[in-house]
Engineer: 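Supplied in structure tokens, the structure appears directly below.
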2 protein chains.
Amino acid sequence: MDTKTRMIETATKLFQQRGYKAVGLNELLQACGITKGALYHHFPGGKEELLIACLQSLNETLTRDIELLFNSAPSTEIAARAVIGEMIKDLDRDGTIAGYTFSSIVSEMSLLSESARDACRALYEKIESIFYAKLIEDGFSCDRASSVSLFLTASIEGGLLLCRAQNSSIPLQTISNVIPELMKEF
Amino acid sequence: MDTKTRMIETATKLFQQRGYKAVGLNELLQACGITKGALYHHFPGGKEELLIACLQSLNETLTRDIELLFNSAPSTEIAARAVIGEMIKDLDRDGTIAGYTFSSIVSEMSLLSESARDACRALYEKIESIFYAKLIEDGFSCDRASSVSLFLTASIEGGLLLCRAQNSSIPLQTISNVIPELMKEF
DNA sequence: ATAGTAAAACAGACCGGTTGGTATGCCGAA
DNA sequence: TTCGGCATACCAACCGGTCTGTTTTACTAT
């Protein structure tokens, strides 16, 4: 794997787990096994340009992973529960999640960097659009699908925050269990 | 108002808006209108001790504010929508929320400081317990009330993240509109 | 095949500024 | 005169970023 890709993959995990500011440049370089020269060669804009690249890369990998789960699921309900199941698996194994969220980045960068905020917005939009498409496939109306996809995205992100605060995967499990009842309503 | 209280109130807002690491010590002192001497006089443990104090203070004020809204509302549904309404009001007025959330702190501190994580856990627990009590009052079973209170908390927190990413209050408005349909189901 | 060369891919020393934190000094009230 | 409640001066460590220098790669002319 080439250096640039390795940098992005490693940095993405670190940023997702601990946020942007909390990850120092030296720590980042050490984790990637590179030096400053390499970083500023590939990303002249420094740390922030790397962050943007991470968010864009995340957009692609996330889309691929989630779409894979969605394509092999018969309904939005089962697909959503599968996604949450993956998150719970990661959480129980590693004690942290570095695959499906970026809440730390959103909350600290939304006021600081317009481009970072926009990259995050695009990411959420992408996730919602996958939910949306599947909901339409399930026979939901456009309005309903739009509301529900947003609601699902929000409750999963929020559930993850609760998991982090409790240091447990139970909140996400609860949310996963509630989803079927939620979907019936619409 | 005495110095210590002023420090906590000002710092709380800053930490809520931008997270812990992103707020520098000097910026903090300047915003509070104090010096390092005062900070380390009142909080020998420094920045982190101040953060813990902020979270505990937030626990009290948040409880008071939310309980006030809940006491004057006839049902959980209306109460929850009132809480979200307050958030939307803040968001539209200031462009940011500094009253009802602390997601930035959770995500970046949960792995870093056990005591900070625990303070956040207590905060979420308190919020959920208010929802829970009102749901019981509404005639929900214990199990249902427990699930729904968690679900409401999660979706509100998640909705706020989406608002931050989109720089708009629409996600929270959508969630507020979906809640009645959600409550009917249970 | 080989030597020459230019560009890409790094490495690492160095920089000014900022970080959180400490030690000491001052000053009004009790 | 003692003591809480600060202010000021200062510190080492670290920050993200720039700089110059070296190695590796790719291509070409001979």
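Numbers restart at 1 for each chain; the letters A, B, ... are given by sequence-line order, proteins then strands.
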Engineer: Would you mind telling me which of D/dG17, D/dC6, D/dA9 lies closest to the side-chain atoms of B/K36?
Structural biologist: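 Minimum distance to the B/K36 side chain belongs to D/dA9.
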
Engineer: Got a sec: does the CD of A/E27 have more than 12 other heavy atoms crowding it under 6.0 Å?
Structural biologist: yes

Engineer: Quick one: on DNA chain D, does A/E27 or B/D2 contact a more 5' nucleotide (nearest heavy atom)?
Structural biologist: B/D2

Engineer: From CG of A/L25 over to P of C/dG16, roughly how many Å is that when rounded to an integer?
Structural biologist: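 Atom CG in A/L25 sits about 19 Å away from atom P in C/dG16.
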
Engineer: Starting at atom NE2 of B/H42, determine the distance to atom C1' of D/dA7, rounded to an integer number of angstrom.
Structural biologist: 12 Å

Engineer: B/Y40 has a side chain; which of C/dT22, D/dG5, C/dT19 sits nearest to it?
Structural biologist: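 Taking heavy atoms from C-beta onward, the closest nucleotide is C/dT22.
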
Engineer: In whole Å, I'd like the distance from the CZ atom of B/F43 to the P atom of C/dT22.
Structural biologist: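 In whole Å, C/dT22 P and B/F43 CZ are 16 Å from each other.
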
Engineer: Heavy atoms under 4.0 Å, any strand shown: does B/N26 hit a base, just sugar-phosphate, or nothing?
Structural biologist: base

Engineer: Of the listed nucleotides (C/dG21, D/dG17, C/dC10), which one gets closest to any side-chain atom of A/T3?
Structural biologist: C/dC10

Engineer: In whole Å, what is the span from the CD atom of B/E49 to the P atom of C/dG21?
Structural biologist: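 These atoms are roughly 11 Å apart.
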
Engineer: Which nucleotide in the set D/dA7, D/dG17, C/dA11 lies at the smallest distance from any side-chain heavy atom of A/I34?
Structural biologist: C/dA11

Engineer: Would you mind telling me which residue lines up with the more 5' stretch of DNA chain D, A/G37 or A/K21, judged by nearest nucleotide?
Structural biologist: A/K21

Engineer: What is the distance, to the nearest angstrom, from the CG atom on B/L39 to the P atom on D/dT8?
Structural biologist: 15 Å

Engineer: Send over the distance from A/M7 CE to C/dA9 C1', rounded to a whole Å.
Structural biologist: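 Rounded to whole Å, this separation is 11 Å.
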
Engineer: List the steps and the verdict of side-chain contact (heavy atoms from CB on, under 4.5 Å) for B/Y132 and B/F140.
Structural biologist: CA-CA 9 Å; B/Y132 180 84; B/F140 280 65; over 6 Å; no

Engineer: Quickly work out the B/L28 CG to C/dG21 P distance and round it to whole Å.
Structural biologist: 11 Å

Engineer: Cation over ring, A/K4 on A/F43, under 6.0 Å and within 45°?
Structural biologist: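 So A/K4 does make the cation-pi contact.
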
Engineer: Among the candidates C/dA11, D/dC15, D/dC6, find the nucleotide nearest to the side-chain atoms of B/H41.
Structural biologist: D/dC6

Engineer: Stepwise, does the side-chain contact (heavy atoms from CB on, under 4.5 Å) test hold for A/E157 with B/E157?
Structural biologist: CA-CA 8 Å; A/E157 273 288 13; B/E157 272 288 13; over 6 Å; no

Engineer: Let me know, please, whether B/P44 or A/K4 comes out on the 5' side of the other along DNA chain C by nearest nucleotide.
Structural biologist: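 Taking each residue's closest nucleotide, the earlier one in sequence belongs to A/K4.
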
Engineer: Is the CG atom of B/D92 crowded by more than 12 outside heavy atoms at less than 6.0 Å?
Structural biologist: yes

Engineer: Rounding to a whole Å, what distance do you find between B/R6:CZ and D/dC6:C1'?
Structural biologist: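 So the two atoms are 11 Å apart, to the nearest Å.
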
